[in-house]
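See structure below.
Heads up: numbering here begins at 1 and tracks the sequence. From a predicted model like this one, the values you see are computed outputs, not experimental measurements. Note: hydrogens, waters and symmetry copies are ignored here, and every other heavy atom, side chains too, is used.
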Amino acid sequence: MDALIEQLPVDSLPWLGELWIYKVFAIIFFSLVLAYLGKLVLDRVEARAVRSRTIWDDALVLAARRPLWVLIWSMGLLWAGQITAAQMDEDLASVLDTAQHVLLIVLLAWFLLRLMLEVEVRLVDPAYREKPIDQTTVSAIGKLLRISVIITSGLVILQSLGYSVSGVLAFGGIGGLAVGFAAKDLLANFFGGLMIYLDRPFSVGEWVRSPEKDIEGTVEHIGWRLTRIRTFDKRPIYVPNAVFTNIVLQNPSRMTHRRIYEHFGLRYDDIGRIEPIVKAVRQMLKEHPDIAQDQTQMVYFERCGASSVDFFIYCFTTPVWAEFHRIKEDVLLKILAIVEERGAQIAFPTSTLHVPEGLAVRSEGPAQSRRAPPVEGEYA
């Protein structure tokens with residue numbers, strides 16, 4: 001077509017010299033129509049995808065919507081720009097051609113990143129899955145995939161711009177050693193975060209505490225450098241991930257049961273009633289609907305204390321914190337009721353003073369001005 005136009009006498013047909021203008025107009029108009037058709041197609045596909053049970057089709061449509069719109073318009077404008085630049089400056093046309101290749105790579109990477117985010121949301125949301133996948137695992141895999149896409153895209157872009165990827169990789173290896181020595185703490189936190197994702201000692205939403213450090217609360221976010229923990233008084237704690245590799249960490253959220261372990265002291269006057277009381281408490285725990293019957297249960301007379309005879313209870317119940325306290329309250333009240341029904345009383349610290357016979361307390365009269373010396377054999 002272009003060769004045929006060049007053979008035509010331009011002087012006799014002056015409008016042929018400006019044919020590139022019509023080409024630019026046609027490309028822009030075609031881009032407008034294609035963007036509109038693409039929107040209609042995506043709308044219909046999205047409507048069908050939402051009704052399906054799979055999570056991949058609607059995630060694919062939502063991820064492709066904006067990159068596709070940008071792709072149509074950017075490619076059209078760059079194509080029109082190349083035609084315009086060819087009439088003015090060939091170097092500019094070459095630059096636009098390179099920009100077109102780079103933009104294609106960027107848009108593809110953008111689409112993949114959006115697709116990963118959409119899939120990640122649907123894998124952990126109960127609205128999309130009956131059995132959501134653990135959020136910590138999904139977040140870790142998603143971050144690794146996103147980093148891989150970004151690095152790969154950057155290398156391909158450098159290759160498109162004419163740089164040697166092998167040289168970049170070699171320089172990166174040497175620079176990586178220098179950066180490793182300079183940022184060892186940052187790398188320690190990175191690998192600490194990687195160990196959290198692999199070992200999974202805790203997940204987002206779980207309650208953790210450290211007996212060695214003043215750390216206790218609910219995990220809100222696990223990053224590559226630090227983890228955010230919200231304490232029970234709603235203060236945020238930002239803990240570097242490297243700390244978790246050197247401390248003992250407890251995870252109460254993964255408890256199977258909670259333990260009730262309490263002592264009760266009766267008066268020495270009630271020592272004859274302690275055996276029926278212990279038997280009644282033991283029977284009460286066996287019949288209690290909220291006590292775990294498949295776990296250890298113990299109710300025994302334990303010791304003779306300084307001012308009481310003591311027995312203890314040892315049993316397990318639900319791991320839910322608030323429910324545990326309700327059950328524990330009910331058990332304690334029932335034990336106190338059993339003690340009262342048997343005519344016994346809970347002991348409190350008491351002291352008995354034994355006065356020897358013949359001890360006399362000498363009182364002074366109001367008129368006595370000074371104290372007389374004690375008589376031998378009496379207590380002063």
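- Legend: residues meeting side-chain contact (heavy atoms from CB on, under 4.5 Å) with N246, ordered by chain and number and at least two apart, are absent.
- When all heavy atoms of H288 and I327 are compared, the pair lying nearest together is CE1-CG2, 4.2 Å.
- Between F312 and E262, the closest side-chain pair of non-hydrogen atoms is not below 4.5 Å.
- In this structure, OG1 in T218 is found 10.5 Å from CD1 in I237, a value given to the nearest 0.5 Å.
- One finds the OG1 atom of T152 at 11.0 Å from the CD1 atom of I105 (value rounded to the nearest 0.5 Å).
- Of the inter-residue distances, the one linking R267 atom CZ with I274 atom CD1 reads 12.5 Å to the nearest 0.5 angstrom.
- Take R282 and apply the side-chain contact (heavy atoms from CB on, under 4.5 Å) test, not counting sequence neighbours, and it matches V278, K279, K286, V299, Y300.
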side-chain contact (heavy atoms from CB on, under 4.5 Å) between V106 and I157, intermediate numbers included | CA-CA 8 Å; V106 172; I157 290 174; 3.8 Å; yes
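- Note on V243: it clusters hydrophobically with I229, by side-chain heavy-atom contacts below 4.5 Å among ILVMFWY residues.
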Contacts under 3.5 angstrom, residues 110-117 side chains, donor-acceptor by atom type, not counting sequence neighbours:
residue: R114; atom: NE; partner: A63; partner atom: O; Å: 3.1
residue: R114; atom: NH2; partner: L62; partner atom: O; Å: 2.8

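- If you chain together hydrophobic residues whose side chains sit under 4.5 Å apart, F301 and M298 never meet in one group.
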Verdict with reasoning, V331 to M284, per side-chain contact (heavy atoms from CB on, under 4.5 Å) = CA-CA 9 Å; V331 169; M284 182 271 296; 4.2 Å; yes
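- By the criterion of side-chain heavy atoms lying less than 4.5 angstrom apart, applied directly or through intervening Ile, Leu, Val, Met, Phe, Trp or Tyr residues, I247 is grouped together with I222 in one hydrophobic cluster.
- When all heavy atoms are compared, the tightest approach of S307 to F348 is OG-O, 3.9 Å.
- With sequence neighbours excluded, the residues that form a side-chain contact (heavy atoms from CB on, under 4.5 Å) with D233 are T231, R235.
- Between Q250 atom CD and M255 atom CE the span is 9.5 Å, to the nearest 0.5 Å.
- Annotation for G343 and D270: closest pair O-OD1, 4.0 Å, computed over non-hydrogen atoms.
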Could you please spell out the steps behind the side-chain contact (heavy atoms from CB on, under 4.5 Å) verdict for E220 and V204?
-> CA-CA 5 Å; E220 286 191 340; V204 175; 5.8 Å; no
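- Formation of a donor-acceptor pair under 3.5 Å by the E287 side chain with backbone atoms of L285 is not found in this model.
- I277 and Y314 end up in different hydrophobic clusters when Ile, Leu, Val, Met, Phe, Trp and Tyr side chains are linked at under 4.5 Å.
- Hydrophobic cluster membership is shared by I338 and I260, with clusters built from Ile, Leu, Val, Met, Phe, Trp and Tyr side chains linked at under 4.5 angstrom.
- For the atom pair D310 CG and R303 CZ, the distance stands at 4.5 Å (nearest 0.5 Å).
- Judged by distance alone, the side chains of T227 and N241 do bring a donor and an acceptor atom under 3.5 Å apart.
- For the pair R209 (side chain) and E216 (backbone), a donor-acceptor distance under 3.5 Å is absent.
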Please test L226 against V239 for side-chain contact (heavy atoms from CB on, under 4.5 Å), starting from the C-alpha separation and ending with a verdict.
-> CA-CA 5 Å; L226 52 81; V239 184; 6.0 Å; no
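- Between F324 and W321, the two ring planes are parallel [angle under 30°; tilted spans 30° to 60°].
- Under the 4.0 Å criterion applied to side-chain N and carboxylate O atoms, E323 and K328 are not assigned as salt-bridge partners.
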Criterion salt bridge (charged side-chain N to carboxylate O under 4.0 Å, His left out) on E329 and R326, from CA distance to verdict = CA-CA 5 Å; E329 178 188 73; R326 182 194 67 79; over 6 Å; no
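- Counting heavy atoms of neighbouring residues, nucleotides and ligands inside a 6.0 Å radius, atom CZ of R230 exceeds 12 of them.
- A 4.5 Å side-chain heavy-atom check between L266 and I271 finds every atom pair outside the cut-off.
- For residues 331-345, every residue pair satisfying the salt bridge (Lys or Arg N to Asp or Glu O under 4.0 Å) rule, not counting sequence neighbours, is listed here: D330-K334.
- Classification of the F264-F311 ring pair by plane angle, with boundaries at 30° and 60°, yields parallel.
- For CG of D294, the number of neighbouring non-hydrogen atoms (other residues, nucleotides, ligands) closer than 6.0 Å is greater than 12.
- Across every non-hydrogen atom of C315 and Q297, the tightest pair is CB-CG, 4.1 Å.
- Counting only distance, with no hydrogens or angles, the side chain of Y268 and the backbone of G305 share a donor-acceptor pair below 3.5 Å.
- Within the 3.5 Å criterion, the main-chain N or O of D290 finds a donor-acceptor partner in the side chain of T317.
- Of all non-hydrogen atoms in S153 and A109, the two that sit nearest each other are OG-CB, 3.1 Å.
- In this structure, the side chain of T318 engages the main chain of V320 through a donor-acceptor pair within 3.5 Å.
- When the side-chain contact (heavy atoms from CB on, under 4.5 Å) test is applied to E206, the partners found at least two apart in sequence or on another chain are F202, S203, N251, S253, R254.
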